[in-house]
Enquirer: 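Mind having a look at this structure? Questions to follow.
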Number of protein chains: 2
Amino acid sequence: MIRSKFSVSVHILSLMAGQPDEWLSSEYIASSLNSNPALVRKELSVLREAGLIESKEGKNGGSRLGKATKDIRMSDIFLLVKNGHVFGFAPNEPNPKCAVGARINGALDELFGEIDNSIFQKLQSITLAEFTKKYF
Amino acid sequence: MIRSKFSVSVHILSLMAGQPDEWLSSEYIASSLNSNPALVRKELSVLREAGLIESKEGKNGGSRLGKATKDIRMSDIFLLVKNGHVFGFAPNEPNPKCAVGARINGALDELFGEIDNSIFQKLQSITLAEFTKKYF
DNA sequence: TTGTACTGTAATTTTAAATATTACAGATTG
DNA sequence: CAATCTGTAATATTTAAAATTACAGTACAA
């Protein structure tokens with residue numbers, strides 16, 4: 001998974017959950033994240049494509065939630081930002097002439113799938129509504 | 001968690017599991033990993049410190065398992081290489097003047113702890129002996 | 001109908017993290 | 001005592017992540 005995308009997405013969705021009737025600008029979101037608008041927009045486009053948010057272009061535009069907070073699960077966000085397995089393989093292709101080298105990545109791939117699934121199960125049990133209760 | 005340390009450690013331990021009576025040199029291990037000896041030695045020192053392996057210096061030296069494969073759990077390796085949470089926080093400190101910014105990392109920290117725990121539970125159920133059965 | 005304030009996207013630069021390399025003192029064996 | 005290994009640190013390189021810049025396109029509002 002890419003380093004911090006999950007945190008960034010949860011942060012964005014939390015801001016929207018707190019002001020469901022406002023169109024939040026990328027500038028505003030960036031200031032809460034202490035980041036910059038272009039990077040936020042990139043992340044917004046991922047969330048939008050998945051239907052979690054909707055955006056409005058032009059003056060007074062911005063983004064807001066596309067679903068009720070109780071209908072957004074933390075696992076939805078996880079699946080969006082996860083790219084390959086959560087755990088990473090070794091940087092180089094192992095030596096195929098070695099008995100272990102030839103097969104380990106297959107075995108790890110299987111294990112990593114199970115790990116991803118454990119995380120998914122956990123996150124599926126938590127909605128954005130429940131999560132944001134912690135600070136609203 | 002640091003990118004690929006888990007995979008590298010599992011690979012190393014698997015090699016040793018396959019040749020329990022040999023002292024494997026860092027050179028040999030590196031060739032299976034398609035990596036280099038110095039990096040392998042660094043990882044070996046982590047495993048050694050945890051008692052998972054033992055090493056012998058000098059000529060004909062090397063490393064081998066310090067425990068039976070059935071007594072090494074994948075969670076032991078996980079705890080060694082895990083550094084902070086598996087999931088990462090956003091790169092910058094969020095804006096503390098913002099209601100969400102001020103509290104989100106606390107909420108995420110709690111959630112991330114639960115995720116780490118889900119992974120731990122899963123990995124605790126698998127021994128190195130079971131894992132290596134997949135390719136021996 | 002035009003200025004302003006947004007989005008969307010791509011290209012580029014910068015920074016930070018991971019990985020690789022080099023080097024060498026110390027240990028052990030034959 | 002020569003050869004072969006470890007242990008460790010310092011440095012260099014590579015790669016990935018994040019930040020910045022830029023600008024065309026859209027919508028509102030005066």
Enquirer: Remember a base hit wins even if backbone is also touched, and classify A:Asn60 as base, sugar-phosphate or nothing at under 4.0 Å, heavy atoms.
Expert: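 Since only primed, P, OP1 and OP2 atoms lie under 4.0 Å of A:Asn60, the category is sugar-phosphate.
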Enquirer: Between D:dT20, C:dG8, D:dG7, which one does the side chain of B:Ser55 approach most closely?
Expert: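 Looking only at heavy atoms from C-beta outward on B:Ser55, the closest nucleotide is D:dG7.
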Enquirer: Please check if the side chain of B:Asn92 supplies one atom and the backbone of A:Ser35 the other of a donor-acceptor pair under 3.5 Å.
Expert: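 Checking the backbone N and O of A:Ser35 against the side chain of B:Asn92, no donor-acceptor pair under 3.5 Å is found.
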Enquirer: If you only use heavy atoms from C-beta on, which nucleotide in C:dT19, D:dT8, C:dT7 is closest to the side chain of B:Ser45?
Expert: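 For B:Ser45, the side-chain atoms sit closest to D:dT8.
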Enquirer: Ignoring backbone atoms, test whether A:Ser4 places a side-chain nitrogen or oxygen under 4.0 Å from the OP1 or OP2 oxygen of D:dA18.
Expert: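 Yes.
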Enquirer: Tell me: CD of B:Glu49 to C1' of D:dG7, nearest whole Å?
Expert: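 Those two atoms, CD and C1', are 12 Å apart.
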Enquirer: Starting at CH2 of B:Trp23 and ending at C1' of C:dT28, how long is that distance when rounded to a whole Å?
Expert: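 My rounded result for the distance is 12 Å.
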Enquirer: For B:Thr127 and B:Arg73, which I'm curious about, is there any donor-acceptor pair between the side chains at under 3.5 Å?
Expert: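 No donor-acceptor contact under 3.5 Å links the two side chains.
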Enquirer: Please state how far atom CG in B:Asn36 lies from atom P in D:dT13, giving the value in whole angstrom units.
Expert: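 One finds 15 Å between P of D:dT13 and CG of B:Asn36, rounded.
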Enquirer: Take atom NZ of A:Lys59 and atom C1' of C:dG3, then tell me their distance rounded to the nearest Å.
Expert: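 After rounding, the reported distance stands at 8 Å.
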Enquirer: For B:Lys42 and C:dA20, give me the distance from atom NZ to atom P, rounded to whole Å.
Expert: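 Atom NZ in B:Lys42 sits about 11 Å away from atom P in C:dA20.
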Enquirer: Verify whether one side chain among B:Gln121 and A:Ser118 offers a donor that lies under 3.5 Å from an acceptor in the other.
Expert: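 There is no such pair (donor and acceptor under 3.5 Å, judged by atom type) between the side chains of B:Gln121 and A:Ser118.
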Enquirer: Report the nucleotide, chosen from C:dT7, D:dT6, D:dA19, that has the shortest atom-to-atom distance to any side-chain atom of A:Ser25.
Expert: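 Closest of the options to the side chain of A:Ser25: C:dT7.
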Enquirer: Test side-chain contact (heavy atoms from CB on, under 4.5 Å) on A:Asn105 and A:Asp109 and set out the steps.
Expert: CA-CA 6 Å; A:Asn105 278 0; A:Asp109 189 56; over 6 Å; no
Enquirer: Are OP1 or OP2 of D:dT6 and a side-chain N or O of B:Ser26 less than 4.0 angstrom apart?
Expert: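 Answer yes for this pair, as a side-chain N or O of B:Ser26 is under 4.0 Å from OP1 or OP2.
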Enquirer: Quick one: B:Phe89 CZ to D:dA17 C1', roughly how many Å, whole number?
Expert: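 It is 18 Å, rounded to the nearest whole Å.
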Enquirer: In whole angstrom, give the distance that lies between atom CZ of A:Arg41 and atom C1' of D:dA19.
Expert: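 Result: 13 Å.
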Enquirer: Parallel under 30°, tilted from 30 to 60°, perpendicular over 60°: which one fits the rings of B:Phe78 and B:Phe120?
Expert: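 Geometry flag for B:Phe120 against B:Phe78: tilted rings.
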Enquirer: Select from B:Glu57 and A:Glu57 the residue whose nearest nucleotide in DNA chain C is closer to the 5' end of that strand.
Expert: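 The residue mapped nearer the 5' terminus is A:Glu57.
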Enquirer: If you measure from the Lys or Arg side-chain nitrogens to the Asp or Glu carboxylate oxygens, is any gap between B:Glu114 and A:Lys122 under 4.0 Å?
Expert: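 Between A:Lys122 and B:Glu114 there is a salt bridge, with a charged N closer than 4.0 Å to a carboxylate O.
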Enquirer: Given atom CD of A:Glu43 and atom C1' of C:dT7, what is their separation to the nearest angstrom?
Expert: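 It works out to 16 Å between those atoms.
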Enquirer: Any donor and acceptor pair, going by atom type alone, linking the side chain of A:Thr132 with main-chain N or O of A:Ala129 inside 3.5 Å?
Expert: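 Side chain of A:Thr132 to backbone of A:Ala129: a pair is present.
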Enquirer: Please round to 10 degrees the angle between the axis of the first five pairs and the axis of the last five pairs in the helix from C:dT1-D:dA30 to C:dG30-D:dC1.
Expert: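 The end-segment axes of the helix from C:dT1-D:dA30 to C:dG30-D:dC1 are tilted 10° relative to each other.
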Enquirer: Is the phosphate of C:dA20 approached by A:Asn92 (side-chain N or O, under 4.0 Å from OP1 or OP2)?
Expert: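 It does, given that an N or O in the side chain of A:Asn92 lies less than 4.0 Å from OP1 or OP2 of C:dA20.
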Enquirer: Nearest-nucleotide wise, let me know which of A:Ala38 and B:Glu27 is further upstream toward the 5' end of DNA chain D.
Expert: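 The answer here is B:Glu27.
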Enquirer: It should be established whether B:Arg48 places a side-chain nitrogen or oxygen under 4.0 Å from OP1 or OP2 of nucleotide D:dG7.
Expert: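 Answer yes for this pair, as a side-chain N or O of B:Arg48 is under 4.0 Å from OP1 or OP2.
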Enquirer: Kindly indicate whether the side chain of B:Phe87, heavy atoms from C-beta on, has any atom under 4.5 Å from the side chain of B:Leu111.
Expert: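 Not touching, per the 4.5 Å side-chain cut-off.
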Enquirer: For B:Ser35, report the nucleic acid contact type (base, sugar-phosphate, nothing); a contact means any heavy atom under 4.0 Å.
Expert: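 The residue B:Ser35 makes sugar-phosphate contact but no base contact.
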